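Since the structure comes first, as structure tokens, the remarks are kept for the end.
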Amino acid sequence: MTADLVIRRANLPDGRTGQDLLVQDGRIVEVRPAIQAVAREEIDATGLLVSPPFVDAHFHLDSVLALGRPRLNESGTLLEGIRIWGELRATLTHEEVLERALAYCDLAVAQGIGAIRSHVDVTDDRLVGVGALLELRRRVAPWLTVQLVAFPQDGLYRCPRGLPNLLRALELGVEVVGGIPHHERTMEEGRRSVVELCTIAAERGLRVDLHCDETDDPASRHIETLIAETQRLGLAGRVAGSHLTSMHGMDNYYVSKLLPLMAEAGVAAIPNPLINVWLQGRHDAYPKRRGLARVTEMWAHGIPVAFGHDCVMDPWYPLGSADMLEVAKMAIHVGHLTSRAAMRAAFEAITTVPAAILGLEGYGLEPGCRADLVLLEAADPIEAIRLQAARLLVLRGGRVVARGASRKAALDLPGRPRTLDPGRPGAG
């Protein structure tokens with residue numbers, strides 16, 4: 001048979017080696033060794049890792065690349081970042097939000113990201129960010145999936161028009177309900193906001209992703225309300241708690257009750273290792289808490305855990321390069337995810353797990369899945385994380401949308417497999 005594309009002798013994240021992937025009409029048709037087929041394009045991936053694209057389950061495209069406007073976050077705290085964003089928000093225009101977000105999306109695609117769930121602030125009555133990111137979503141759709149979360153940054157009730165603005169954003173086409181209960185004025189208002197937001201999502205058939213307990217205060221326990229509402233409203237599999245950093249200060253007895261309830265309710269977790277480590281523990285002397293939710297314990301209870309990048313060069317975080325392998329690497333270090341199984345699970349936390357949380361259609365490497373693929377200069381997921389491996393090719397629907405340079409010479413690693421031959425068909 002004649003196909004559009006065949007990738008030869010690839011390693012796959014599940015440990016299979018020497019696999020050919022046959023692609024036709026933007027979909028994977030067959031995956032097995034030594035496929036007998038003629039293709040219009042052929043890629044030699046001998047000894048290299050082919051993965052589905054990275055998925056960033058938590059990001060803020062409306063604030064990305066706004067570092068230093070109007071000033072820098074000198075304390076490095078979450079609350080100063082929120083204040084700075086509030087100062088900047090009033091001056092935003094559609095054009096500059098769109099321009100910054102487009103620039104970041106170019107970088108994200110080159111880094112092998114195929115989907116981003118971005119929270120967008122709905123506090124400003126003008127909904128400038130919403131309008132800009134809805135246009136962004138449409139413009140980048142051929143290369144990148146963007147899923148938007150209506151996020152009342154100042155609090156659903158703390159912001160005078162938080163609730164009506166959130167509802168307007170959903171009417172305009174934002175598809176996930178967000179919130180920030182720990183930033184409401186009181187614990188009770190935080191609890192009520194979780195109830196109201198989950199009810200809105202249930203009535204509209206939407207997903208929920210709340211910034212939940214992003215604080216060092218172990219008494220911040222809005223995750224338990226989120227769990228209860230998920231069960232009450234039948235939202236299992238559609239709800240995520242992002243950050244959950246208060247969990248690193250909770251006593252073990254309470255967590256031993258909390259995590260089984262979270263698993264039972266079908267609530268996912270989205271820690272953000274780079275930014276959680278950066279922001280949390282700022283009021284600690286010594287010992288300093290690590291600022292990361294209890295990943296290994298959640299895994300032990302079967303709770304889906306995805307890692308997000310969260311921020312790049314904005315009021316909260318001055319670093320970042322859209323590299324989800326860097327995110328996984330930080331999680332491994334900070335969370336002591338040091339077994340081979342845990343390191344492989346960290347790779348899944350930036351690929352298959354967030355894809356499931358976002359509900360991405362046709363994601364994966366099985367026949368019938370979309371041919372959205374990344375060719376990495378590594379033999380397996382652990383090596384990919386260790387090296388923050390070069391993305392040699394990024395494909396969307398079987399079409400190359402980005403190319404990267406080999407780092408083999410710079411790394412000077414003996415015995416590395418030969419990388420893509422630029423002279424081969426499909427190599428450009």
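All residue numbers refer to positions in the sequence shown, counting from 1. Just the heavy atoms: all of them, side chains too, but no hydrogens, waters or symmetry mates, feed the values below. No experiment lies behind these values; they were computed from the predicted model shown.
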Check against salt bridge (charged side-chain N to carboxylate O under 4.0 Å, His left out), E99 and R139 = CA-CA 12 Å; E99 181 180 3; R139 288 176 59 169; over 6 Å; no
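- Using a 30° and 60° split on the angle between ring planes, W85 and W316 fall in the tilted class, from 30° to 60°.
- A distance of 6.0 Å or more separates the ring centres of F307 and H58.
- In this structure, M324 and V55 approach most closely via the heavy-atom pair CE-O, 3.9 Å.
- Ring centroid separation for the pair H60 and H119 comes in under the 6.0 Å cut-off.
- Cation-pi geometry between K288 and Y286 is satisfied (NZ or CZ under 6.0 Å from the ring centre, within 45° of the ring normal).
- Under the side-chain contact (heavy atoms from CB on, under 4.5 Å) criterion, H183 pairs with L79, I82, R158, I180, not counting sequence neighbours.
- Of the possible donor and acceptor atoms, one in the side chain of D20 sits under 3.5 Å from a partner among the backbone N and O of A34.
- Partners of N73 under the side-chain hydrogen bond (donor to acceptor under 3.5 Å, both in side chains) rule, at least two apart in sequence or in another chain, are S75.
- Figure legend: cation-pi geometry between R192 and Y157, with NZ or CZ positioned under 6.0 Å from the six-membered ring centre and within 45° of its axis.
- Legend: residues meeting side-chain contact (heavy atoms from CB on, under 4.5 Å) with D125, ordered by chain and number and at least two apart, are R161, N165.
- Atom OG1 of residue T225 and atom CE of residue M187 lie 10.0 Å apart, to the nearest 0.5 angstrom.
- Relative to the ring axis of Y254, R221 places its NZ or CZ within 45° and under 6.0 Å from the centre.
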Could you walk me through whether H211 and H243 pass the ring-ring contact (aromatic ring centres under 6.0 Å, His included) test, one step at a time?
-> CA-CA 6 Å; H211 286 58; H243 296 292; 5.1 Å; yes
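- With hydrogens and angles disregarded, no donor-acceptor distance shorter than 3.5 Å links the side chain of R289 to the backbone of D284.
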